[in-house]
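By convention here, the first residue in the shown sequence is residue 1.
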Amino acid sequence: EAEQGARAYKAQATKLEAEQAHLKVAVDEAKGKMEELAAKRAIMESEIAKLEQARAAMVNDLEAAKADKRAADTKLSARDSELSRERASRSRAEDASKKLEREVKELQGLLEAAKVAHLQKG
């Protein structure tokens, strides 16, 4: 009976050792998966950081482009104002030129009349 108890104990111990070995394999596999997941997480975090840097660069580029557009708009507006002033100045010069032409014609007419009057007197 003691021998049978020892065999049962030994069988139970063997069974427990097999279960322990099986559990150790499962724990090792779980540790491996956790390490793999940790590595994947590190890669993902690195990719997220790169994307955040790229986004920040795009935001900076966008802000720079907006500033460039504002500067260009300001420059265009100034150029439009300058062109308007030039047109107005040209228009005034043309008006003055036409007025002078009329006055010259009037003076030529008066001069011709004076010549005719002078010749008639003479």
Would you sort out whether L62 and M58 count as a side chain to side chain contact (heavy atoms under 4.5 Å, CB included), showing the intermediate values?
CA-CA 6 Å; L62 178 62; M58 285 181 197; over 6 Å; no
Throw together a table of side-chain donor-acceptor distances under 3.5 angstrom for residues 94-114, partners on residues two or more places apart or in other chains.
none

Is the shortest distance from a Lys or Arg side-chain nitrogen in E82 or R85 to a carboxylate oxygen in the other one below 4.0 Å?
no
Could you tell me the separation between the NZ atom of K75 and the CG atom of D68, rounded to the nearest 0.5 Å?
11.0 Å
Carboxylate-amine/guanidinium proximity below 4.0 Å for E36 and K33
no
Would you say the side-chain atoms of S77 pair up with the backbone N or O of D73, donor to acceptor, closer than 3.5 Å?
no
Taking T74 for its side chain and R70 for its backbone only, find out whether a donor-acceptor pair lies under 3.5 Å.
yes
What's the spacing between I43 CD1 and I48 CD1 if we round to 0.5 Å?
12.0 Å
Could you tell me the separation between the CZ atom of R79 and the OG atom of S84, rounded to the nearest 0.5 Å?
10.5 Å
Pairs flagged by side chain to side chain donor-acceptor pair (under 3.5 Å) wherever residues 3-17 is involved - sequence neighbours left out
E3-R7
